[in-house]
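Nothing here was measured: the structure is a model prediction, and the numbers come from that model.
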Amino acid sequence: MPITSSLKLLLDLAQQQTDSSVKKLGKLNFQQQEAEKKLNLLLQYRHSYQLHFQNSTAKGIDHIEWLNFIAFMNKLDAAINEQRQAALHAKNKRIAGGDEFLSCQRKLKSYDTLSKRQQDAENRQQIKYEQKLQDEFSSNSSRRNSLPSREG
């Protein structure tokens with residue numbers, strides 16, 4: 001006896017949802033990694049620019065260069081803060097995607113367990129039925145053998 005169609009449908013749907021959530025989680029992981037890469041590049045660029053400027057100040061710089069440096073560093077710091085927020089947002093989305101994946105996986109496992117239980121019950125029922133048929137056959141055969149024969 002096959003699994004009931006509604007359970008099979010739920011099992012298939014849960015599998016599709018799990019597959020979809022795996023793809024989504026992979027995409028979210030990639031987005032988080034990219035956001036963190038951009039943040040690290042900005043931080044490295046800021047550090048490098050600051051070192052370059054410090055070397056330049058040892059030689060002496062004028063007031064305009066100093067103001068340009070301050071303005072540029074302020075813009076760079078704003079970009080870094082914005083990228084930190086983007087990286088944090090990507091991380092939070094990845095965490096939510098991971099939770100969604102785990103939820104889908106639990107649902108799939110539950111339906112799979114129900115399906116296996118139902119299949120086991122159907123198998124036990126089939127075995128009982130076959131045993132009953134075999135017992136009836138043996139009983140009938142035994143009765144036939146115990147009846148006196150009509151020959152003679």
Side-chain angles (χ1 to χ4, degrees), residues 1-140:
M1 294 180 167
I3 300 173
T4 60
S5 61
S6 58
L7 184 56
K8 173 84 169 107
L9 183 65
L10 288 172
L11 192 58
D12 291 344
L13 182 60
Q15 183 64 55
Q16 290 172 359
Q17 289 174 337
T18 301
D19 293 345
S20 175
S21 69
V22 165
K23 290 177 187 174
K24 182 179 176 183
L25 184 57
K27 184 178 177 182
L28 292 172
N29 277 330
F30 178 76
Q31 289 172 347
Q32 180 188 1
Q33 290 170 355
E34 288 300 306
E36 288 174 358
K37 276 184 196 176
K38 287 179 185 178
L39 176 59
N40 287 332
L41 283 173
L42 285 170
L43 290 169
Q44 289 172 0
Y45 184 67
R46 184 187 193 287
H47 180 72
S48 173
Y49 190 76
Q50 191 170 13
L51 287 177
H52 174 71
F53 186 76
Q54 286 173 348
N55 290 338
S56 297
T57 56
K59 299 175 189 169
I61 60 168
D62 64 22
H63 183 67
I64 300 289
E65 287 176 307
W66 176 253
L67 291 176
N68 286 339
F69 170 75
I70 297 296
F72 182 75
M73 289 301 278
N74 286 337
K75 288 180 182 180
L76 192 53
D77 286 340
I80 288 170
N81 286 333
E82 190 176 313
Q83 190 58 37
R84 274 195 179 112
Q85 291 300 315
L88 181 62
H89 181 70
K91 180 181 180 183
N92 289 337
K93 284 178 72 175
R94 192 226 0 112
I95 289 170
D99 292 344
E100 179 185 332
F101 168 71
L102 292 175
S103 174
C104 288
Q105 208 173 30
R106 280 191 298 273
K107 186 190 302 184
L108 177 61
K109 187 173 182 178
S110 296
Y111 289 142
D112 188 49
T113 300
L114 286 174
S115 173
K116 286 178 182 173
R117 285 181 186 165
Q118 182 178 2
Q119 188 64 44
D120 289 347
E122 290 171 357
N123 288 344
R124 283 191 303 274
Q125 187 178 9
Q126 183 66 28
I127 289 170
K128 280 183 180 180
Y129 176 73
E130 289 171 3
Q131 184 64 45
K132 181 180 175 186
L133 287 177
Q134 192 172 13
D135 289 346
E136 286 177 11
F137 178 78
S138 294
S139 176
N140 289 339

Just checking, is any N or O donor in the side chain of Glu130 or Gln126 under 3.5 Å from an acceptor N or O on the other one? yes
Test applied, side-chain contact (heavy atoms from CB on, under 4.5 Å); reference residue, Glu65; option that passes from Ile61, Asn68, Leu67: Ile61
Under 3.5 Å, side chain of Thr57 to main-chain N/O of Gln54, donor-acceptor pair present? yes
Neighbour count >12 (heavy atoms, 6.0 Å) for atom OH, Tyr49: yes
side-chain contact (heavy atoms from CB on, under 4.5 Å) evaluation trace for Lys132 with Glu136: CA-CA 6 Å; Lys132 181 180 175 186; Glu136 286 177 11; 3.3 Å; yes
Check: Leu76 and Phe72 side chains under 4.5 Å, non-hydrogen atoms: yes
Can a salt bridge be assigned to the pair Lys116 and Asp120 using a cut-off of 4.0 Å between side-chain N and carboxylate O? no
Once side chain to side chain donor-acceptor pair (under 3.5 Å) is applied, do any residues pair with Gln85, and if so which ones, sequence neighbours excluded? none
Are Asn29 and Leu25 close enough, and set up right, to give a side-chain contact (heavy atoms from CB on, under 4.5 Å), and what steps lead you there? CA-CA 6 Å; Asn29 277 330; Leu25 184 57; 4.1 Å; yes
Pairing residues for Asn40 by the side chain to side chain donor-acceptor pair (under 3.5 Å) criterion, not counting sequence neighbours: none
Distance-only donor-acceptor pairs under 3.5 Å for side chains of residues 86-104, two or more places apart:
from: Asn92; atom 1: ND2; to: Leu88; atom 2: O; distance (Å): 3.4
from: Arg94; atom 1: NE; to: Gln32; atom 2: OE1; distance (Å): 2.5
from: Glu100; atom 1: OE1; to: Lys24; atom 2: NZ; distance (Å): 3.1

Pairwise distance CD1(Ile80) to CG(Leu43) - rounded to 0.5 angstrom: 4.5 Å
Between the side chains of Asn123 and Gln119, is a donor N or O closer than 3.5 angstrom to an acceptor N or O? yes
Does Lys37 have any salt bridge (Lys or Arg N to Asp or Glu O under 4.0 Å) partners at least two apart in sequence or in another chain, and if so, which? Glu34
Non-neighbouring partners of Arg46 that pass side chain to side chain donor-acceptor pair (under 3.5 Å), sequence neighbours left out: Gln50, Asp77
Evaluate side-chain contact (heavy atoms from CB on, under 4.5 Å) for Leu11 paired with Leu108, printing each intermediate quantity in order. CA-CA 6 Å; Leu11 192 58; Leu108 177 61; 3.9 Å; yes
Start with the C-alpha gap between Asp19 and Gln16, add the side-chain angles, then the distance that decides, and say whether side-chain contact (heavy atoms from CB on, under 4.5 Å) holds. CA-CA 5 Å; Asp19 293 345; Gln16 290 172 359; 5.6 Å; no
State the CD-CD distance between Gln125 and Gln118, to the nearest 0.5 angstrom. 10.5 Å
Across all chains, not counting sequence neighbours, the ring pair (Phe, Tyr, Trp, His ring centres under 6.0 Å) partners of Phe53 are Trp66, Phe69
Could you grab the distance from atom CG of Leu10 to atom OG of Ser110, nearest 0.5 Å is fine? 11.5 Å
Look only at the side chain of Thr113 and the backbone of Lys109, and say whether a donor-acceptor pair between them is shorter than 3.5 Å. yes
Report yes or no: does Thr18 contribute a side-chain atom to a donor-acceptor pair with the main-chain N or O of Ala14 at less than 3.5 Å? yes
Nearest heavy-atom neighbours spanning Leu42 and Gln83: CD1-CB, 3.8 Å
Straight-line distance of Ser21 OG to Leu28 CG, nearest 0.5 Å: 10.5 Å
Verify, without hydrogens or angle tests, whether Ser48 (side chain) and Gln44 (backbone) share a donor-acceptor contact under 3.5 angstrom. no
